[in-house]
Amino acid sequence: MKTILTTLLTTVFCFQFLLAQTTKINVIDNPVDWVNPLMGTDSHHSLSNGNTYPAIATPWGMNFWTPQTGKMGDGWAYTYDATKIKGFKQTHQPSPWMNDYGQFSIMPVTGKKVFKEEERESWFSHKAEIVTPYYYSVYLADYDVTTEITPTDRAARFRFTFPETDNAYVVIDAFDRGSYVKIIPEENKIIGYTTRNSGGVPENFKNYFVIKFDKKFTITNTFSDAELSESLVSKSNHAGAIIGFKTSKGEKVNAKVASSFISYEQAERNLKEIGNNDFDALKELGKSNWNKELSKIKVEGGTADQFKTFYSCLYRSLLFPRKFFEYDENGNVVHYSPYNGEVLPGYMFTDTGFWDTFRSLFPFLNFMYPEMSAQMQEGLVNAYKESGWLPEWASPGLRNIMVGNNSASVVSDAYLKIGNNYKYDIEKLYEALIHGANNAGPMTAVGRAGAAYYKKLGYVPFDIGINESAARTLEYAYDDFSIYQLAKSLNKPKKEIMLYKNRSLNYKKLFDPASKLMRGKSEKGEFRTPFSPFDWGGDFTEGNSWHYSWSVFHDMQGLVDLMGGNDQFVAQLDQVFSLPPIFGDKYYGGVIHEIREMQIANMGQYAHGNQPIQHMTYLYNYAGQPWKSQYWVRETMNRMYLPTPDGYCGDEDNGQTSAWYVFSAMGFYSVAPATDEYVIGAPLFKKITLNLENGNEIIINAPENSNENRYIKNMTFNGKEYTKNYLNYSELMKGAIINIEMDKVPNKNRGINKEDFPYSLSNEK
């Protein structure tokens, strides 16, 4: 009987799984209901399935909240396989590798008065956990308490449902490395600050917080490190507070919390974001806010898993870079500068790394959320004024990680797309780009490391003490192209325009005709020997030559020519998928998680879990075989993304990997930001409606779309036959109806002529 029952349950499970994979859903309401914030949370230091945490937040909110399962200071703040919660943390963490800053936690307990993390943690189950972008709820089994959270941009409401007890407590943990708390019983209030950070902050950095309860305190304690005290104030390395009261069975105790990087007074001001809304009203506002943003893209005719994956990825695309500004007593936008420590007027955004996000996240925001993107550009103006440089990785200030000078792409693509509709100081940003393009910065990840060599030789040599030199060279060349495009738009002197155009061809200096791949070069002009295109690191960044050789976003025709023509180019692309996933790891001294993620994905050398190669599936469009892009883009979406805790194939990286999916599901992708084009793949859904901020609408119809029908047979754009392998941004912004006939066999006569190929610099006349 047991065997029969097990077989029956297995059959039911398999049937349900198959339904999720195959049954089509036509139309949905409330897209936020399809978001799974737990997607990507089943990750560890050795293997990333996203390296995300459930961000309970508003779109681009200044403060996020998350349940904390990891120890204080652990970048893996929440992991899906954890069984205990230590607190509910206000977080600003962009990734576990960057870690957190300005964090503190709140934790209800009952019975014994405990405050240390390892003593206060409680067992929990995902079966008693509700996770949405705007609302979180969990049952803490050891205390018989349910905790609920719903946020605003800079504040949040908590609601604790307690059992009947004389010993109900809430622990406020301001964390270590210098913190302060003060209990104000007559106001049912606690104030404090935390200084804990992971770098990138000025000397005077603090995150000030205020917490107000709707129940009078009958117990008040503070703690300093491991010592509990009757004092109402604690200032120490590790400060915190415990307040308590008697509760009846099922009694709900509410708390309002807000924080500020400016002052206690500003934190109180930020608390007013809650207004007169009780918990449920604020929760509904949060739901409405997310639905408003997510509904700008309406998809129809997909499986349940596709809907979930799409809207989960769209949610992740709308979190970073986060707002790092506040509103003063007069309603003016102000910010605490993470660069010089002053309180200054204007916008500021942070927690993004351009090495990741220049590729698709920022182009996506320019396309669908230009008003927010324009504010981000204003923030970059302020970052330059306050630090003397544009950040390449900000969290919250300048951080010394990754390579390239990709602020050039972020600035240029934004202005070329939205600059005519929004006013910000583009001349100051252009000045910043020129400064960053020609100077080594105060750290190797700011400005251009090896700038003098790059300007003299046209590349960064591998033997001058600067690592990952080939990756830097290739990215600098593309960044020069971005500056060239912006310089033309701003009518800069012809000599200046031509300087950056010519420098953008520097990628050719690293092309090795023997291997038909990119290869590091010495100061004397000799290729690195020995050379293996499978070796990770060394001359490349978190990848190998097979990954980085395609980093010529702006001039694929030039790369095609170097490789010997379309057939040779396609053959090299094909090898990426046909080669075994072998690797060399000597540079790292072991297998880093990015290597492991490529190895286990079973897609050859294609390493979608990391950024350098994510555009590569679209490159067949440049050589007359667009059907192969259609195949591999769909294959990547199907195999590398799931709406589950292990749903990503590597680091999600602040919206970049998610935005790739969102773009690709729409049927096109920004291979070369700072151009007017998106390269076509094939849409994932039967119908997609894009509601543009300018009031226009793009409708993409593909009624025959299915898992088998992944190829474009025919396509019309506003009623006219369309054979090109790209779409123009400028035409899309006018509104469009795109009809696509999908088929299960590739159309090898469509998109094969040179005039159908996307932009390449070498084709400029």
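Scanning both residues, Asn204 and Gly341, for their nearest heavy atoms gives ND2-O, 2.9 Å. The two atoms that bring Ser409 and Ser482 nearest to each other are CA-OG, 3.6 Å, heavy atoms only. Annotation for Asn400 and Ala445: closest pair OD1-N, 2.9 Å, computed over non-hydrogen atoms. Across all their heavy atoms, Ala408 and Leu433 have their closest contact at CA-CD2, 3.5 Å.
For Tyr678 and Phe663, the ring centers sit closer than 6.0 Å to each other. Checked against the 6.0 Å centroid criterion, the rings of His45 and Trp76 qualify as a close aromatic pair. The aromatic ring centroids of Tyr193 and Phe209 lie 6.0 Å or more from each other.
Between the side chains of Gln611 and Thr657, at least one donor N or O sits under 3.5 Å from an acceptor N or O. Using modelled atom types and a 3.5 Å distance limit, the side chains of Asn544 and Gln605 yield a donor-acceptor pair. Using modelled atom types and a 3.5 Å distance limit, the side chains of Ser395 and Asp351 yield a donor-acceptor pair. In this structure, a donor-acceptor pair under 3.5 Å is absent between the side chains of Tyr648 and Asn51. For the 3.5 Å distance criterion, the side chains of Ser337 and Asn340 qualify, holding a donor opposite an acceptor. Looking only at atom types and distance, the side chain of Ser658 has a donor-acceptor partner in the side chain of Glu652 under 3.5 Å away. Side chain to side chain, Asp653 and Ser95 fail the donor-acceptor criterion of an N or O pair below 3.5 Å. Inspection of the Thr541 and Glu468 side chains reveals an N or O donor paired with an N or O acceptor under 3.5 Å. Using a 3.5 Å distance cut-off with no hydrogens or angles, the side chains of Tyr548 and Glu475 do pair a donor with an acceptor. Inspection of the Thr357 and Thr352 side chains reveals an N or O donor paired with an N or O acceptor under 3.5 Å. In this model, a donor atom of one side chain and an acceptor atom of the other lie less than 3.5 Å apart for Arg472 and Asn467. Side chains of Ser664 and Tyr618: a donor on one and an acceptor on the other come within 3.5 Å. Between the side chains of Ser48 and Asp651, at least one donor-acceptor pair of N or O atoms lies under 3.5 Å. A donor-acceptor contact closer than 3.5 angstrom links the side chains of Glu326 and Asn270.
Using a 4.0 Å cut-off between a side-chain N of Lys or Arg and a carboxylate O of Asp or Glu, Asp100 and Arg196 do not qualify as a salt bridge. Taking the charged nitrogens against the carboxylate oxygens, Asp173 and Lys86 have no contact shorter than 4.0 Å, which rules out a salt bridge.
The side chain to side chain contact (heavy atoms under 4.5 Å, CB included) with Met348 is formed by just one residue from the set Met62, Met376, His335; it is His335. The side chain to side chain contact (heavy atoms under 4.5 Å, CB included) with Asn63 is formed by just one residue from the set Gln90, Lys323, Arg322, Gln103; it is Gln90.
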**Report entry** From CA spacing to verdict: side chain to side chain contact (heavy atoms under 4.5 Å, CB included), Phe553, Ser551
**Finding:** CA-CA 6 Å; Phe553 315 97; Ser551 294; 4.1 Å; yes

Report task. Show your reasoning for whether side chain to side chain contact (heavy atoms under 4.5 Å, CB included) applies to Met107 and Glu117. Result -> CA-CA 10 Å; Met107 180 67 177; Glu117 280 186 348; over 6 Å; no

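For the pair Trp660 and His608, the minimum side-chain heavy-atom distance is below 4.5 Å.
Every residue two or more places apart in sequence or in another chain that forms a ring-ring contact (aromatic ring centres under 6.0 Å, His included) with Phe64 is listed here: Phe320.
Although no hydrogens or angles enter the test, the distance criterion places no donor-acceptor pair under 3.5 Å between the side chain of Arg157 and the main chain of Thr152. Checking side-chain atoms of Tyr53 against main-chain N and O of Gln93 turns up a donor-acceptor pair under 3.5 Å. Of the possible polar contacts, one joining the Thr52 side chain to the Met39 backbone as a donor-acceptor pair under 3.5 Å is found. Judged by distance alone, the side chain of Glu293 and the main-chain N or O of Leu318 form no donor-acceptor pair under 3.5 Å. Side-chain atoms of Asn366 do not come within 3.5 Å of backbone N or O of Lys417 as any donor-acceptor pair. Ser549 places a side-chain N or O within 3.5 Å of a backbone atom of Met518 that can act as its donor or acceptor partner. No donor-acceptor pair closer than 3.5 Å links the side chain of Glu542 to the backbone N or O of Asn610.
With a 6.0 Å cutoff to the six-membered ring centre and a 45° limit on the axis angle, Arg154 counts as a cation-pi contact of Phe325.
Note that CG of Asn405 and CG of Leu390 are 8.0 Å apart. Values are rounded to the nearest 0.5 Å.
The aromatic rings of Phe307 and Trp34 sit tilted, their planes meeting at an angle between 30° and 60°.
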